[in-house]
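The structure appears below as structure tokens.
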Amino acid sequence: MRHLLTALVLTTSLTPGAALAQTRFDGVWLFDHAGPNPGVTMLQVASDGARITGAVTTKWYGPVTMQNARVEDGVLTFEVRNLNDRANPTRTWTVRRTAAGVRLEGQLWESKIDAGGHRGSARDAEARAFRFQTLPAWAPVAQVPLAPTPPMGWSSWNKFADKIDDKTIRAMADAMVATGLRDAGYVYVNIDDGWQGTRGPDGQIRPNASFPDMKALADYVHSKGLKLGIYSSPGPRTCAGFEGSYGHVRQDAQTFADWGVDYLKYDLCSGEYFYADADTVKRSYAEMGAALQATGRPFVYSLCEYGRFDVGSWGREVGGHLWRTTGDITDDYATMARIGFEKNGKPGHTGPNGFNDPDMLELGNGGMSDAEYTTHMTLWALSAAPLLMGHDLRLTPPAILRLLENREVIAVDQDAKGVQGKAVRKDGALEIWAKPLADGAVALALFNRGETNAKIEARAADAGFGAIRSARDLWRGQAVGADALTFDVPAHGAVMLRVEGK
């Protein structure tokens, strides 16, 4: 049985009575109803005098090694490595004997486990053993130039999470056309987490019942002059607990290509338990990058590993076109501002065919004021960030539609120079950002991060000019005098200018 364990063996001094008690936990314990996350399926325990070794097998993270295992007052207690929680790098788990078998209690990240298990055999252990996969050796993937400017479109997650279906995706495609958003440049319709079903006997991923025919859906989206995106993970499970691509990378890439998919978001999620350092993370993303290219179909490749290991410095080397710089955005000013002002990546990493991605847009979801959404759109455009909407397009308020469809603002985001703007002057809660444009002009943004209205002056030096020849207020859509560049900016609001120097 021990060959099935990947446990870290630690030695604990036990009294003779404790040593005897621990044998009550030895063996294989099976869990049939422990819940989907992290999907505990089995506990294996082995003891040898003062040593207890073991692991909890999960669908998400494979075998989770028992650390510092000991028996205390008849209870088997151990720690496990805990992800994404700096305050709790480990969590304590317990196992108690019951009349029916054992009771396992613990927590891993946000998932709480409280489940009953029963005895199993060595054959059961073999059947439930996690099958580890070997990553290919590191080899860079030549980037295909498919994203000369930041991708624009829509993604399902922010509004619908994993409650998504074929009908809704078609409705979003229709709305992108009807509202004029497609003609403004938004072309990707991306299905995020929640489309996956199970794998067939051949290992091929099937969509769930909410997506009866992915090829037909892709054809429909394409018929609208749009492109289809999809989502997966290098781990065994996606963030919402659906099938990931672990062990099926090439197969999934080919399936996506056969369906007619144009864009893949690859989200580390459960893969972070397997790929926990820069080398393995890079190789896992290179594996999918190479697999996508091997299909012969062009894919825009979105790396979602939350900015770890300075992803912008190597994103292109795995075939990526955009890479997340942060954790998830939420529809509130504090989170949006923290991400947009402070977690939007190193400007030097952004340029044609490769962009820092501070996550999707929240405009239209109702959690911020019009002034705050104006800041959101201004900040993303100045940052040359991908513009991926995340609301129900059928219910777009007119004021939000005006923000999303402002062609002059979009032109700043989509400028061919591909420069990520940055702050050039700060005064307390007031910030002035500049973004050089391909034609020699400069986009300036005046941000008021404070709680009260404020006057902010734009200066020629902010744009790197000796003097300003002309200026245009992009949100108001009108020219402004070069000598009248002081603006009343509302709390949490922004002014956006396009200036030319002389």
Side-chain angles (χ1 to χ4, degrees), residues 150 152-155 157-160 172 175-176 178-181 183-186 328-342 344 358-383 385-414 421 423 429-433 435 443-458 471-480 485-498:
M152 295 175 60
W154 175 88
S155 179
W157 184 258
N158 284 0
K159 177 63 179 180
F160 298 101
M172 294 303 107
M176 284 177 73
T179 57
L181 287 163
D183 296 339
Y186 299 89
D328 289 356
I329 195 171
T330 52
D331 188 23
D332 59 272
Y333 178 79
T335 303
M336 180 278 294
R338 179 181 57 82
I339 288 174
F341 286 106
E342 301 161 17
N344 59 353
D359 206 5
M360 297 167 284
L361 296 172
E362 289 283 7
L363 284 86
N365 281 324
M368 290 183 254
S369 67
D370 287 350
E372 291 168 342
Y373 281 135
T374 299
T375 290
H376 189 3
M377 190 71 177
T378 302
L379 190 50
W380 262 237
L382 258 288
S383 299
L387 300 179
L388 296 171
M389 301 174 291
H391 67 293
D392 188 335
L393 301 176
R394 297 165 296 189
L395 305 174
T396 310
I400 296 299
L401 192 61
R402 286 193 294 271
L403 292 176
L404 291 168
E405 290 190 346
N406 185 306
R407 302 299 179 94
E408 293 181 284
V409 171
I410 290 172
V412 170
D413 177 79
Q414 297 288 295
L430 311 181
E431 297 190 13
I432 292 83
W433 285 45
K435 172 181 167 67
L444 291 179
L446 315 182
F447 294 109
N448 178 5
R449 300 180 65 178
E451 302 299 324
T452 59
N453 294 357
K455 289 186 179 295
I456 307 179
E457 178 191 8
R472 184 169 177 82
D473 185 326
L474 301 188
W475 285 123
R476 290 192 294 170
Q478 64 185 42
V480 292
L485 297 180
T486 298
F487 299 87
D488 291 315
V489 184
H492 295 179
V495 169
M496 190 171 182
L497 305 173
R498 186 182 189 278

Taking every non-hydrogen atom, the tightest pair across M360 and L388:
CB-O, 3.4 Å

Could you report the tightest heavy-atom contact between R402 and W475, atom names first, then the distance?
O-CZ3, 4.4 Å

Indicate the atoms forming the closest heavy-atom contact of M368 with T330, along with that distance.
CE-O, 4.5 Å

Can you tell me if W433 and S383 form a side-chain donor-acceptor pair at under 3.5 Å?
no

Show the numbers, then the answer: is there a side chain to side chain contact (heavy atoms under 4.5 Å, CB included) between V409 and T378?
CA-CA 7 Å; V409 171; T378 302; 5.9 Å; no

Within the 4.5 Å heavy-atom criterion, are V495 and F447 side-chain neighbours or not?
no

May I ask you to decide if T374's main-chain N or O and D370's side chain share a donor-acceptor pair within less than 3.5 Å?
no

When you compare the side chain of F341 with that of T375, does any pair of heavy atoms fall below 4.5 Å?
yes

When you compare the side chain of L361 with that of L404, does any pair of heavy atoms fall below 4.5 Å?
yes

Lys/Arg-Asp/Glu bridge criterion (N-O < 4.0 Å) met for E372, R449:
no

Under a 4.0 Å threshold between the charged nitrogen and the carboxylate oxygen, would K159 count as salt-bridged to D392?
no

Test of understanding: with side chain to side chain donor-acceptor pair (under 3.5 Å), list the residues that count as partners of N158, not counting sequence neighbours.
E362

Which value, rounded to the nearest 0.5 Å, describes the distance between L181 atom CG and M172 atom CE?
11.0 Å

What distance separates W154 CH2 from M176 CE, expressed to the nearest 0.5 Å?
9.0 Å

Residue pair D183 / E405, side-chain heavy-atom distance below 4.5 Å:
no

Step by step, would you call L382 with W380 a side chain to side chain contact (heavy atoms under 4.5 Å, CB included)?
CA-CA 6 Å; L382 258 288; W380 262 237; over 6 Å; no

Tell me whether E408 is salt-bridged to R498, with the criterion being a basic N under 4.0 Å from an acidic carboxylate O.
no

Taking all heavy atoms of Y373 and all of G364, pick out the closest pair and write down the distance.
CZ-N, 3.8 Å

Over all atoms of both residues, closest heavy-atom pair of L497 and A458:
CD1-CB, 3.8 Å

How long is the gap from CZ on R407 to CG on L474, to the nearest 0.5 Å?
14.5 Å

Test your reading of the model: is there a side-chain donor-acceptor pair from N344 to the backbone of G340, 3.5 Å cut-off?
yes

Checking H391 now: which residues fulfil ring-ring contact (aromatic ring centres under 6.0 Å, His included) with it, not counting sequence neighbours?
none

Within-4.5 Å side-chain heavy-atom neighbours: T335 and D332:
yes

Nearest heavy-atom contact between A471 and L485 is CB-CD2, 3.9 Å

Donor-acceptor pair, distance only, cut-off 3.5 Å: does the side chain of N448 make one with the backbone of P490?
yes

Kindly indicate whether the side chain of L430, heavy atoms from C-beta on, has any atom under 4.5 Å from the side chain of L446.
no

In sequence, state the C-alpha distance, the side-chain angles, and the governing distance for Q414 and M152, and then conclude on side chain to side chain contact (heavy atoms under 4.5 Å, CB included).
CA-CA 9 Å; Q414 297 288 295; M152 295 175 60; 3.5 Å; yes

Between F487 and K455, is the side chain to side chain contact (heavy atoms under 4.5 Å, CB included) condition met? List the steps.
CA-CA 5 Å; F487 299 87; K455 289 186 179 295; over 6 Å; no

Could you tell me whether the side chain of N453 reaches within less than 4.5 Å of the side chain of D488, counting heavy atoms only?
no

Would you give the length of the straight line joining atom CG of L403 to atom CG of L363, rounded to the nearest 0.5 angstrom?
6.0 Å

Closer than 3.5 angstrom, by distance alone: can the side chain of E451 be matched with the main-chain N or O of A491 as a donor-acceptor pair?
no

If you define the side chain from C-beta out and look only at heavy atoms, does anything of T179 sit under 4.5 Å from L401?
yes

